There are 2 protein chains.
Amino acid sequence: MTSRVDAPTRREQILGEAARLFAERGFHGVGVDEIGAAVGISGPGLYRHFPGKDAMLAELLVGISERLLRGGRRRVEEAAGSAEQLLDSLLEGHIDFALDDRALITLQDRELDRLRDSDRKLVRQFQRQYVELWVGAVRAVYPALAEPSARASVHAVFGLLNSTPHLGRPGSLPGREAMAALLHRLARGAFSAAR
Amino acid sequence: MTSRVDAPTRREQILGEAARLFAERGFHGVGVDEIGAAVGISGPGLYRHFPGKDAMLAELLVGISERLLRGGRRRVEEAAGSAEQLLDSLLEGHIDFALDDRALITLQDRELDRLRDSDRKLVRQFQRQYVELWVGAVRAVYPALAEPSARASVHAVFGLLNSTPHLGRPGSLPGREAMAALLHRLARGAFSAAR
DNA sequence: CCCAAAGGTTAACGAGCGCTAACGACTCTG
DNA sequence: CAGAGTCGTTAGCGCTCGTTAACCTTTGGG
């Protein structure tokens, strides 16, 4: 039983560096030797922890989409109150994720096609359920909004929130908390204009 | 002098298919043989038209970013009227681009790092000027908005508009005109909430 | 009519990549 | 202290990929 506050295990360390490298240079653009070097071991030593390079990507993508969905569902259950509160809670969770796990956000919509069919289907299924959860929350706040428009709006707002990775040098932008608040307002503004 | 309404030249044909393939499977995920096959010639025949695979990507990315900037500047000149009109015009242009050239949009922020240093610098320069042009337009409409917030908002709205490529099966979404109108409203709503 | 330019073809090379094989050191545990 | 399990190492295989070389066919102009 591994404690949750321990230093990251070698496996987790590898996954973290792999995520960063994949996001920076693309799945095909990174060699196993580089991933190994990033954690201080070299090349084939990775195969003591993963059956192959594909498996690392798969574990990353399945992990993200599953975490997002679980977090969303938890918020749906906890938000017994108003529909507004649920939408704000979902926004808060997604924004935290976008700001703190930029590499994973990038991978999620960039390298999905490199997965084996079964893994890709699984990730797509998680993503779809997550989107539908949002669609429900948005329509609870804006009941006049038709479902196709709501779905398209949710996709678009995800694009807005996930745009964080593509940002320039840090100087010309707000800090982390200001950025979170700004993204929240932008997203709410977009939804409220969906009509 | 090539007429603008002629059938696409072989070069243009290659660029089009390369854009589609790069967007689908990533730059490193597509082989020159596939690009050749997509236009009916095979593999090394491409080298009669381009010095290498990198050159195709470079021409695509430089072309897009240059076109976007030129279109934006044209709209700035033409919009002698109100600031609102300019912002709407910029939105219209970018939305047309996002809806009609999805592959290029995808490439623009996904494969930029695969370029030679000089080409990447050029593309980044075009992109930066395009963003600054938008920042000016947004701040003309919302003068109270500080520049860093305006810049972050512009990036975020680009993410919103460019989210079109990541959409699901066509059935569950609005048609092209409805989608354009929806994106326009969402973007305006986001800006108006930036504060 | 010739010949040069344009635009293809196939064969093959060299580099890089994912992965396996074979081996070694360290650390527990009975 | 033996032996197994864990976690590394290096060498190298086989394949793919971008690119080059050498050659062929068509076409338009002097």
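The structure presented is a predicted model; accordingly, all values stated were derived computationally and were not measured. Lettering of chains follows the sequences in order, A, B, ..., and the numbering in each one begins at 1. Just so it is clear, the values below take in all heavy atoms, side chains as well, and ignore hydrogens, waters and symmetry mates.
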message: Within residues 35-44 of chain A, which residues have any heavy atom lying less than 4.0 Å from an atom of DNA chain D?
response: A:Ile41, A:Ser42, A:Pro44

field: Nucleic acid contacts - residues 51-59 of chain A versus DNA chain D, non-hydrogen atoms under 4.0 Å
entry: none

message: Run the salt bridge (Lys or Arg N to Asp or Glu O under 4.0 Å) test on B:Glu147 and B:Arg151 for me, step by step, so that the C-alpha distance in whole Å, both residues' side-chain angles and the decisive distance to 0.1 Å come before the verdict.
response: CA-CA 6 Å; B:Glu147 191 169 309; B:Arg151 185 151 30 236; 3.3 Å; yes

- prompt: Salt bridge between B:Arg188 and B:Glu84, side-chain N to carboxylate O under 4.0 Å?
  reply: yes

- prompt: Is any side-chain N of the basic residue among B:Glu132 and B:Arg128 closer than 4.0 Å to the acidic one's carboxylate O?
  reply: no

What is the distance from [atom1] of [X] to [atom2] of [N], rounded to the nearest Å?
X: B:Arg11; N: C:dG7; atom1: CZ; atom2: C1'; answer: 14 Å
X: B:Tyr47; N: C:dA12; atom1: OH; atom2: C1'; answer: 14 Å
X: A:Asp33; N: D:dG8; atom1: CG; atom2: P; answer: 15 Å
X: B:Leu46; N: C:dA6; atom1: CG; atom2: P; answer: 18 Å
X: B:His28; N: C:dG18; atom1: NE2; atom2: C1'; answer: 15 Å
X: B:Phe27; N: D:dC17; atom1: CZ; atom2: P; answer: 13 Å
X: B:Phe50; N: D:dT19; atom1: CZ; atom2: P; answer: 13 Å

message: Is B:Arg10 close enough to C:dA6 that one of its side-chain N or O atoms is under 4.0 Å from OP1 or OP2 there?
response: no

task: Respond yes when some side-chain nitrogen or oxygen of A:His49 is under 4.0 Å from OP1 or OP2 of D:dT6, and no when none is.
output: no

- line: Checking D:dG18, C:dT20, D:dC7 against the side chain of A:Arg48 (C-beta onward), the nearest is D:dC7

message: I want to check a possible cation-pi pair here: A:Arg67 against A:Phe97, using under 6.0 Å from ring centre and within 45° of the ring axis as the test.
response: no

- request: Determine, step by step, whether A:Asp96 and A:Arg176 satisfy the salt bridge (Lys or Arg N to Asp or Glu O under 4.0 Å) criterion, reporting the C-alpha distance in whole Å, the side-chain angles of both residues, the deciding distance to 0.1 Å, and the verdict.
  value: CA-CA 10 Å; A:Asp96 283 346; A:Arg176 136 104 224 200; 2.8 Å; yes

- request: Kindly say whether the aromatic ring centers of B:His28 and A:Phe27 come within a distance under 6.0 Å.
  value: no

- prompt: How would you label the contact of B:Gly45 with the nucleic acid (heavy atoms, under 4.0 Å): base, sugar-phosphate, or nothing?
  reply: base

- line: d(B:Arg70 CZ, B:Gln129 CD) to nearest 0.5 Å is 13.0 Å

- prompt: If only atom types and distance count, is the side chain of B:Arg11 paired as donor or acceptor with the main-chain N or O of B:His49 below 3.5 Å?
  reply: yes

- request: Output, in order, the C-alpha distance, side-chain angles, deciding distance and verdict of salt bridge (Lys or Arg N to Asp or Glu O under 4.0 Å) for B:Glu78 and B:Arg74.
  value: CA-CA 6 Å; B:Glu78 287 174 357; B:Arg74 182 173 51 77; 3.5 Å; yes

